[in-house]
Amino acid sequence: MAGNSCYLQKITEIMIIYNVTTHIEDTIKEEWLHWMKTEHIPQVLATGKFKEAKLTRVLVEEEKGGLTFSVQYRALSKEALNEYYEVFATQLRNEGLKKFADKMLSFRTELEIIDEYTVDFN
C-alpha cells in the first residue's frame, strides 16, 4: 500500500474478561437494554473491579425467537474478579432475575486474554 505505514503493537498486560451472555424474549428488548445501559452495567463498573465493559448483540438467528446479547467486562485482575463474585455478584444477579424473571436466561464465562494486538495505519 503506497504511502501508508502500519504500526502493530502487542499489548502484553494479562487480563481476564468476565463474559455474560443473556438470551431475552423479544417483548422485553427495549426495557432490558435500557436497564443494562443505565443501571446494571454502571453498577457493575462502580464495584471498582473492572476496567471497562462492552455490550454487544450476538448475531445469530434464534430458532425459538428472542435475542442474545453479551457483555464483556474487563476485570482488573483475577483477584478482582474473585472479589466481585464474593461481594457483589449475587445481589446484582438477583436484581436482574427479580426484574425480568423467566424472560431472560444468562450464562457466564471467564476468558483469559493470551495476546492482544492493535494496529495503527498512518
Side-chain angles (χ1 to χ4, degrees):
M1 298 187 337
N4 288 338
S5 63
C6 173
Y7 175 69
L8 181 66
Q9 177 181 0
K10 181 177 176 181
I11 300 170
T12 57
E13 180 181 6
I14 295 178
M15 297 292 288
I16 302 292
I17 293 175
Y18 173 54
N19 183 75
V20 182
T21 303
T22 304
H23 181 78
I24 62 168
E25 291 183 6
D26 292 320
T27 58
I28 65 167
K29 176 186 174 190
E30 296 305 322
E31 181 184 7
W32 185 84
L33 280 171
H34 181 264
W35 174 75
M36 288 296 292
K37 292 176 184 181
T38 63
E39 293 181 46
H40 187 70
I41 292 172
Q43 289 172 338
V44 172
L45 292 176
T47 67
K49 306 301 178 190
F50 302 95
K51 180 180 179 179
E52 64 185 13
K54 293 179 184 177
L55 172 62
T56 64
R57 177 162 175 216
V58 179
L59 298 177
V60 298
E61 190 166 324
E62 301 291 346
E63 289 181 25
K64 297 182 180 181
L67 303 163
T68 303
F69 294 88
S70 170
V71 183
Q72 295 184 348
Y73 299 96
R74 186 181 287 239
L76 296 175
S77 64
K78 178 63 173 161
E79 294 78 20
L81 181 58
N82 288 336
E83 291 171 16
Y84 170 78
Y85 290 145
E86 292 170 15
V87 178
F88 303 101
T90 301
Q91 177 188 343
L92 290 168
R93 288 177 188 175
N94 287 341
E95 289 173 11
L97 290 171
K98 189 180 340 176
K99 188 166 184 67
F100 299 105
D102 61 346
K103 295 184 187 310
M104 68 173 233
L105 176 64
S106 296
F107 70 90
R108 292 147 185 90
T109 310
E110 293 179 21
L111 308 168
E112 179 182 3
I113 298 172
I114 302 300
D115 278 325
E116 188 173 26
Y117 302 87
T118 61
V119 65
D120 182 20
F121 291 99
N122 294 320

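Numbers here simply count residues along the sequence, with the first being 1.
Between M15 and E116, every side-chain heavy-atom pair lies at or beyond the 4.5 Å cut-off.
Between A80 and S77, the closest heavy-atom pair is N-OG, 3.0 Å. Closest approach of A53 to V71, counting heavy atoms only: CB-CG1, 4.3 Å.
Judged as a salt bridge (Lys or Arg N to Asp or Glu O under 4.0 Å), and not counting sequence neighbours, the contacts of E52 are R74. For D102, there are no side-chain contact (heavy atoms from CB on, under 4.5 Å) partners two or more places apart in sequence or in a different chain. Residues satisfying the salt bridge (Lys or Arg N to Asp or Glu O under 4.0 Å) criterion with K54, sequence neighbours excluded, are absent altogether. Applying the side-chain contact (heavy atoms from CB on, under 4.5 Å) criterion to E110, with sequence neighbours excluded, gives K78, L81, Y85.
Taking NZ from K49 and CD from E86, the interatomic distance works out to 9.5 Å, rounded to the nearest 0.5 Å. In this structure, OH in Y84 is found 5.5 Å from CZ in F50, a value given to the nearest 0.5 Å.
F100 and V58 fall into different hydrophobic clusters, defined by Ile, Leu, Val, Met, Phe, Trp and Tyr side-chain heavy atoms under 4.5 Å apart, directly or through other members. Under the 4.5 Å side-chain heavy-atom criterion for Ile, Leu, Val, Met, Phe, Trp and Tyr, L92 and L45 are members of the same hydrophobic cluster. Both L111 and I113 belong to a single network of hydrophobic side chains, linked directly or stepwise wherever heavy atoms of I, L, V, M, F, W or Y lie under 4.5 Å apart.
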What pairs of donor and acceptor atoms, side-chain ones from residues 19-28 against any protein atom, are under 3.5 angstrom apart with sequence neighbours left out?
| residue | atom | partner | partner atom | Å |
| --- | --- | --- | --- | --- |
| N19 | OD1 | S70 | OG | 2.6 |
| N19 | ND2 | T21 | OG1 | 2.9 |
| T22 | OG1 | S106 | OG | 2.7 |
| H23 | ND1 | L67 | O | 3.3 |
| H23 | ND1 | T68 | OG1 | 3.0 |
| H23 | NE2 | G65 | O | 3.2 |

Show which side-chain atoms of residues 34-41 pair as donor or acceptor with protein atoms under 3.5 Å away, not counting sequence neighbours.
| residue | atom | partner | partner atom | Å |
| --- | --- | --- | --- | --- |
| T38 | OG1 | H34 | O | 2.7 |

side-chain contact (heavy atoms from CB on, under 4.5 Å) assessment of K99 paired with E31: CA-CA 10 Å; K99 188 166 184 67; E31 181 184 7; 3.8 Å; yes
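Results of the side-chain contact (heavy atoms from CB on, under 4.5 Å) test with Y73 over I16, I17, V44 single out V44 as the only residue that passes.
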